[in-house]
A.B. asks: 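First the structure, which I've put down as structure tokens, then a few questions once you've had a look.
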Amino acid sequence: MASAAMNINTRSGPLNQEKVSSKACYMLFFSALVISMGIQFVLAFANHGDADVLTFNYVWATTPIQSIFHIYDIPSLDYPPLFPVALRLLRPLLLSFPETLPRFLLMKCIPIAGTGLLGFILVKFSKRHNADNLLLVAFICFFTLLNPAIIFNASIWGQVDVLLILLLVVSFTSLFEGKPYLACLYFAVGCLTKLQFCYFAIPFVIVLFLLFPLTKALKALLACLVIGVTAWLPFILASENIMLPFDVYLGGSGKYQYLNLQALNLYGIWTIFGADSSAKILGLMNGNSINLLVLLIATLLFSFLAFKSKKEPQRIFLALGALIDVIFIFSTQQHERYQIPIIGFLILAMIYSERNSDFWMLQFFTVITYINQVFAYYGGYFSEVSPRWFENIFHICAGVNLLVSVFFIIYAFHPDLLKPLGSIAKVSVSNGTGNLPTETLRPESEL
């Protein structure tokens with residue numbers, strides 16, 4: 001019987017493997033978590049450069065100030081308040097270490113812990129939606145906890161972009177779980193944690209009003225605003241600046257007046273770092289004008305895709321991926337890490353659709369985001385070895401990312417474009433008798 005089942009389970013797709021039990025899935029999760037934490041702490045210990053963690057995070061954590069609400073007296077602080085407050089809470093422990101390395105490792109614990117929490121939430125969410133496809137749950141587990149782009153970001157660089165992915169995931173999935181107030185709470189926390197959440201404000205409101213009655217959506221949105229204003233109020237009073245939130249959220253647009261900040265995007269085809277974005281490009285618009293236009297186009301694109309989606313989660317998550325992709329590829333002043341939210345959206349799209357097309361898109365954007373971070377973090381070493389080769393490879397990768405991103409945006413409009421690739425193999429829990437169920441899912445092309 002088991003042999004027959006194995007013969008029937010021959011589907012096209014990269015995840016066409018043997019069936020696994022629920023117990024095995026949990027074992028895989030904890031195994032992946034242990035492996036992930038081990039890898040990340042080793043990498044965190046082995047890489048302790050000055051980039052960002054010591055030049056910004058450590059300064060925000062240890063600079064003497066009157067009180068925790070006076071954090072915006074620190075000149076270099078350009079973040080929303082929650083992350084700097086978390087760093088301030090570590091200040092006594094940080095100052096207790098005489099050496100730089102323990103301080104560096106301690107600050108990296110925040111994103112490393114965020115990676116584990118993201119893996120737990122996505123596995124739990126996938127298990128609920130893919131209960132009859134536990135191999136997909138196991139894949140989500142390993143792919144999240146051992147994702148090279150996320151691990152590099154958290155443990156080598158010490159960035160907290162994993163918190164951006166985590167809060168975007170819980171915000172939008174809570175909407176589809178029928179929990180608008182919880183979703184708005186998460187979104188408010190996200191806006192108080194990462195600047196890039198501003199990109200998703202209008203899309204979040206659109207999905208909120210698309211999924212819920214007007215009155216309920218308005219109440220949830222009001223609760224979100226109240227949370228945000230309440231959280232900002234003590235910092236506004238301490239700084240005696242009523243415009244403080246606007247200074248923080250909008251101040252970044254003029255901070256780096258460069259066409260490109262080592263991003264593999266349109267501008268990376270001809271420049272890696274530099275080129276004045278305040279000058280008119282091709283005699284038409286400067287960088288800030290281009291950014292506003294791109295943000296408007298990206299928002300309109302998402303709005304069209306969201307209303308066209310018929311409230312299908314996969315299509316909306318693809319639309320969110322397209323939104324951040326358009327912004328990353330066509331805006332100026334983009335850093336190398338800013339494409340990373342697309343990984344979270346593609347994981348969610350794959351959970352809902354179980355399509356191979358989402359799987360392969362996820363692989364590409366993981367690899368290209370990883371490569372982009374490696375180029376940025378170790379670019380100085382590569383340039384010392386061979387600046388010409390490094391520049392040529394960078395420009396080629398930027399061109400490849402541009403082409404695939406354009407194709408992905410088209411795919412977001414027409415997800416059925418890649419339907420012939422089929423669906424990820426559906427696997428079931430063992431029935432406890434030692435025999436595996438014989439029912440399997442055929443490729444979509446055969447349905």
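Values reported hereafter were calculated over all heavy atoms of this structure, with side chains retained and with hydrogens, waters and symmetry mates removed.
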A.B. asks: Going by distance alone, is a donor N or O of one side chain under 3.5 Å from an acceptor N or O of the other, for T369 and N372?
C.D. replies: no

A.B. asks: Run the ring-centre check on F29 versus F142 and record whether the distance is less than 6.0 Å.
C.D. replies: no

A.B. asks: Looking at T115 and T144, what are the two nearest heavy atoms and their distance?
C.D. replies: CG2-O, 4.3 Å

A.B. asks: Within a strict 4.5 Å, meaning less than it, do heavy atoms of the L403 and F407 side chains meet?
C.D. replies: no

A.B. asks: Given side-chain contact (heavy atoms from CB on, under 4.5 Å), test D78 with F56 step by step and report yes or no.
C.D. replies: CA-CA 10 Å; D78 57 358; F56 291 104; 5.7 Å; no

A.B. asks: Could you note down all residue pairs passing side-chain hydrogen bond (donor to acceptor under 3.5 Å, both in side chains) where residues 394-404 supplies at least one of them, sequence neighbours left out?
C.D. replies: Q339-N401, N401-S405

A.B. asks: Judged by atom type as modelled, is there a donor-acceptor pair below 3.5 Å linking the side chain of N392 to the main-chain atoms of R388?
C.D. replies: yes

A.B. asks: Taking atom CD of E384 and atom CZ of F390, what is their separation to the nearest 0.5 Å?
C.D. replies: 11.5 Å

A.B. asks: Under a 3.5 Å distance rule, please check whether Q373 uses its side chain to pair with a backbone N or O of A149 as donor and acceptor.
C.D. replies: yes

A.B. asks: With a cut-off of 6.0 Å (strictly less than), are more than 12 heavy atoms of other residues, nucleotides or ligands near NZ of K308?
C.D. replies: yes

A.B. asks: Strictly distance-based, threshold 3.5 Å: is any side-chain N or O of N356 a donor or acceptor partner for the main-chain N or O of F359?
C.D. replies: no

A.B. asks: I'd like to know whether N241 forms a side-chain contact (heavy atoms from CB on, under 4.5 Å) with I236, so could you lay out the CA-CA distance, the side-chain angles of the two residues, the decisive distance to 0.1 Å, and finally the verdict.
C.D. replies: CA-CA 5 Å; N241 179 13; I236 292 173; 5.9 Å; no

A.B. asks: For the residue pair W157 and F152, categorise the inter-ring angle as parallel (less than 30°), tilted (30 to 60°) or perpendicular (more than 60°).
C.D. replies: perpendicular

A.B. asks: Could you tell me which residues satisfy salt bridge (charged side-chain N to carboxylate O under 4.0 Å, His left out) with E391, sequence neighbours excluded, listed by chain and number?
C.D. replies: none

A.B. asks: Distance-only check: which donor-acceptor pairs under 3.5 Å involve side-chain atoms of residues 178-193, not counting sequence neighbours?
C.D. replies:
{"unit_1": "T193", "atom_1": "OG1", "unit_2": "V189", "atom_2": "O", "d": "2.6"}

A.B. asks: Should the pair F382 and F375 be assigned to parallel (<30°), tilted (30 to 60°) or perpendicular (>60°) ring geometry?
C.D. replies: perpendicular

A.B. asks: Looking at R128 and V123, would you say the former's side chain and the latter's main chain have a donor-acceptor pair under 3.5 Å?
C.D. replies: no

A.B. asks: Less than 6.0 angstrom separating the ring centers of F200 and F345, yes or no?
C.D. replies: yes

A.B. asks: Within the 4.5 Å heavy-atom criterion, are K311 and L210 side-chain neighbours or not?
C.D. replies: yes

A.B. asks: Within the 4.5 Å heavy-atom criterion, are L348 and F125 side-chain neighbours or not?
C.D. replies: yes

A.B. asks: Mind checking whether F328 and I342 have side chains closer than 4.5 Å, heavy atoms only?
C.D. replies: no

A.B. asks: Taking CZ in F120 as the centre, count heavy atoms belonging to other residues, nucleotides or ligands within less than 6.0 Å. Is the count above 12?
C.D. replies: no

A.B. asks: For L77 versus I71, what's the shortest heavy-atom pair and its separation?
C.D. replies: CD2-O, 3.3 Å

A.B. asks: Is there side-chain contact between F209 and L218, with at least one heavy-atom pair below 4.5 Å?
C.D. replies: yes

A.B. asks: Which residues pass the side chain to side chain contact (heavy atoms under 4.5 Å, CB included) test with V229, not counting sequence neighbours?
C.D. replies: none

A.B. asks: Residues two or more places apart in sequence or in another chain: which of them pass ring-ring contact (aromatic ring centres under 6.0 Å, His included) with F330?
C.D. replies: none

A.B. asks: Begin with the C-alpha distance, continue with both residues' side-chain angles, and end with the deciding distance and a verdict on side-chain contact (heavy atoms from CB on, under 4.5 Å) for L163 and L118.
C.D. replies: CA-CA 8 Å; L163 299 183; L118 176 65; over 6 Å; no

A.B. asks: Which pair of non-hydrogen atoms, one from C397 and one from I371, has the smallest distance, and what is that distance?
C.D. replies: SG-CG2, 4.4 Å

A.B. asks: Check the orientation of Y378 and Y381. Use parallel for under 30°, tilted for 30 to 60°, and perpendicular for over 60°.
C.D. replies: tilted

A.B. asks: Throw together a table of side-chain donor-acceptor distances under 3.5 angstrom for residues 80-94, partners on residues two or more places apart or in other chains.
C.D. replies:
{"unit_1": "R88", "atom_1": "NH1", "unit_2": "W60", "atom_2": "O", "d": "3.0"}
{"unit_1": "R88", "atom_1": "NH1", "unit_2": "A61", "atom_2": "O", "d": "3.1"}
{"unit_1": "R88", "atom_1": "NH1", "unit_2": "T63", "atom_2": "O", "d": "2.7"}
{"unit_1": "R88", "atom_1": "NH2", "unit_2": "T63", "atom_2": "O", "d": "3.1"}
{"unit_1": "R91", "atom_1": "NE", "unit_2": "T62", "atom_2": "O", "d": "3.2"}
{"unit_1": "R91", "atom_1": "NH2", "unit_2": "T62", "atom_2": "O", "d": "3.3"}

A.B. asks: Could you state the interatomic distance from OG (S36) to CG (L146), rounded to the nearest 0.5 Å?
C.D. replies: 5.5 Å

A.B. asks: Please walk me through it: do E177 and T173 pass side chain to side chain donor-acceptor pair (under 3.5 Å)?
C.D. replies: CA-CA 6 Å; E177 295 290 295; T173 54; over 6 Å; no

A.B. asks: Any side-chain hydrogen bond (donor to acceptor under 3.5 Å, both in side chains) involving residues 209-234? Give me the pairs, sequence neighbours left out, ordered by first then second residue.
C.D. replies: W232-Y249

A.B. asks: Tell me, which pairs form a salt bridge (Lys or Arg N to Asp or Glu O under 4.0 Å) where one or both residues lie in residues 333-351, sequence neighbours left out?
C.D. replies: D161-R337

A.B. asks: Answer yes or no: is there a side-chain heavy-atom contact under 4.5 Å between L320 and P203?
C.D. replies: yes

A.B. asks: With a 6.0 Å cut-off (strictly less than), is the heavy-atom count around CD1 of I202, excluding the residue itself, greater than 12?
C.D. replies: no

A.B. asks: Run the salt bridge (charged side-chain N to carboxylate O under 4.0 Å, His left out) test against D325 and tell me which residues pass, sequence neighbours left out.
C.D. replies: none

A.B. asks: Between N260 (side chain only) and T271 (backbone N and O only), is there a donor and an acceptor less than 3.5 Å apart?
C.D. replies: yes

A.B. asks: What is the distance from atom CE of M285 to atom OG1 of T332, rounded to the nearest 0.5 Å?
C.D. replies: 10.0 Å

A.B. asks: Which heavy-atom pair separates S239 from L244 by the least distance, and what is that distance?
C.D. replies: OG-CD2, 3.6 Å

A.B. asks: Quick check against the 3.5 Å criterion: does K108 have a side-chain atom that pairs as donor or acceptor with the backbone of G158?
C.D. replies: no

A.B. asks: Would you please name every residue forming a side chain to side chain contact (heavy atoms under 4.5 Å, CB included) with L117, sequence neighbours left out?
C.D. replies: I121, L166

A.B. asks: Can you confirm whether L301 sits close enough to I409 that some side-chain heavy atom of one is under 4.5 Å from a side-chain heavy atom of the other?
C.D. replies: yes

A.B. asks: Determine the minimum heavy-atom distance between I65 and I68, stating which atoms define it.
C.D. replies: CD1-CA, 4.3 Å

A.B. asks: Apply side-chain contact (heavy atoms from CB on, under 4.5 Å) to the pair F69 and L237, showing each step before the final yes or no.
C.D. replies: CA-CA 9 Å; F69 297 119; L237 294 175; over 6 Å; no

A.B. asks: Pairing donors with acceptors under 3.5 angstrom, does anything connect the side chains of Q314 and D358?
C.D. replies: yes

A.B. asks: Tell me every residue that passes ring-ring contact (aromatic ring centres under 6.0 Å, His included) with F317, counting only those two or more places apart in sequence or in another chain.
C.D. replies: F176, Y352

A.B. asks: Name all residues meeting the side chain to side chain contact (heavy atoms under 4.5 Å, CB included) criterion together with A319; count only those two or more places apart in sequence or in a different chain, and write none if there are none.
C.D. replies: F302, L305

A.B. asks: What's the verdict on ring-ring contact (aromatic ring centres under 6.0 Å, His included) for F364 and F408, showing C-alpha distance, side-chain angles and the deciding distance?
C.D. replies: CA-CA 11 Å; F364 172 79; F408 172 72; 9.7 Å; no

A.B. asks: With the side chain counted from C-beta on, respond yes when Y338 and I327 share a heavy-atom pair under 4.5 Å apart, and no when they do not.
C.D. replies: no

A.B. asks: Where do I324 and P341 come nearest, in terms of heavy atoms and distance?
C.D. replies: CG1-CG, 4.2 Å

